[in-house]
Structures are given as C-alpha cells and as structure tokens.
Amino acid sequence: MNNKSQYKTKQRADIMAYLMEMNGEHVTVNDVCRHFEEQGKAIGVTTVYRQLDKMVAEGLVNKYTLDNKSSACYEYVDTDHHMHGMKQCYHCKCDNCGKLIHLHCHEIEDLIKHIEGSHEFTINPKRTVFYGLCKECSEKGA
C-alpha cells in the first residue's frame with residue numbers, strides 16, 4: 001500500500017471516529033471540517049464529502065436532507081443504541097433556530113402503521129420532518 005492510500009485510509013478512520021464520538025448527533029460537512037481544523041488536521045471538503053458518501057452507501061452513516069435551505073446532515077448509525085427499539089428515526093426541526101431533534105417515540109411508529117394500512121402510503125423516514133418550535137424558542141416567545 002502506498003503512502004497516499006494509507007493517508008486516505010487514516011482520514012476515513014478519523015472521520016468515522018469523529019462520527020462515532022458524535023453518536024446521536026447530526027453533523028454537516030462543515031462541522032466535520034471544522035473539527036479537524038481545530039485538531040490541526042487538514043482534511044479537504046471534497047475528501048469529507050467522498051468519505052461520507054461511501055459511508056452512507058455502506059450503511060454506516062445516515063444522510064438527511066431536510067429542506068432546500070439547509071446543508072445535508074449526517075449521523076453515525078449505531079445499530080445497538082440508535083433506534084431504541086424503533087424501526088426508523090424521525091425528526092423535528094425548529095423553524096426559529098434550526099435545531100434538529102430525534103423523535104424516539106413509539107407513537108410515531110403507530111401513526112406510520114396507520115398511514116400505511118389505512119391510507120396505502122409509505123412514509124420515507126429520511127425525509128420526514130415535523131416543523132415547529134423547540135422548547136427553548138417556545139419559551140422565548142419566538
């Protein structure tokens with residue numbers, strides 16, 4: 001193996017380690033680049049995109065594109081803990097601050113089953129987002 005391929009493998013391992021460290025959190029490509037910049041490690045934006053796309057294709061990372069205004073975000077898939085016994089993960093996004101919140105709620109699964117059974121419609125969890133205000137913004141009267 002040459003130095004160039006070892007370097008790319010190290011970058012991939014570094015990116016995966018960061019995503020695992022951020023387990024349960026959504027990160028953007030800019031978040032990943034900023035993290036490594038703060039660590040004094042230079043990883044190019046193109047490399048981060050390429051590695052994240054590979055990880056998504058391999059099922060190691062989920063990619064969420066919430067709307068046309070926001071950057072795509074990525075999340076490490078921890079098969080043991082991420083879903084908390086649920087089939088899928090759904091999200092809430094604050095209209096005011098943009099905060100993204102996981103919905104770990106079995107009632108959502110019941111709603112999804114109802115929609116599929118009674119309305120013959122299959123929900124795409126990676127594109128299903130409930131919009132409103134987070135607790136902090138609600139309390140501020142936003």
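The analysis underlying the following values was restricted to heavy atoms, covering all of them including side chains, and did not include hydrogens, waters or symmetry mates. FYI, the numbering just counts along the sequence from 1.
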Contacts of type salt bridge (Lys or Arg N to Asp or Glu O under 4.0 Å), residue Lys63, not counting sequence neighbours: none
Test salt bridge (Lys or Arg N to Asp or Glu O under 4.0 Å) applied to Glu136 - qualifying residues, sequence neighbours left out: Lys99
State which residues pass side-chain contact (heavy atoms from CB on, under 4.5 Å) with [X]; sequence neighbours excluded, sorted by chain then number.
X	value
Asp110	none
Glu58	Arg12, Lys54, Leu60
Tyr49	Val29, Val45, Tyr74
Ser71	Thr28

Rounded to the nearest 0.5 Å, how far does [atom2] of [Y] lie from [atom1] of [X]?
X	Y	atom1	atom2	answer
Leu52	Thr47	CG	OG1	10.5 Å
Lys93	Cys73	NZ	SG	8.0 Å
Cys134	Glu139	SG	CD	8.5 Å
Thr128	Ile108	OG1	CD1	9.5 Å

Pair listing, salt bridge (Lys or Arg N to Asp or Glu O under 4.0 Å) test, anchored in residues 16-32, at least two apart: Asp31-Arg34
Residue pairs passing the salt bridge (Lys or Arg N to Asp or Glu O under 4.0 Å) test where at least one lies in residues 35-45, sequence neighbours excluded: Asp14-Lys41
Considering all heavy atoms, the nearest Val129-Cys92 contact: CG1-C, 4.4 Å
Residues which pass ring-ring contact (aromatic ring centres under 6.0 Å, His included) with His35, listed by chain and number, not counting sequence neighbours: Tyr18
Please determine whether residues [X] and [Y] belong to a single hydrophobic cluster, defined as Ile, Leu, Val, Met, Phe, Trp and Tyr linked transitively by side-chain heavy-atom distances below 4.5 Å.
X	Y	answer
Ile101	Tyr64	no
Tyr76	Phe36	yes
Ile123	Leu111	yes

Ile15 side chain near Met55 side chain, heavy-atom distance below 4.5 Å: yes
Listed partners of His114 passing side-chain hydrogen bond (donor to acceptor under 3.5 Å, both in side chains), at least two apart: Ser118, His119
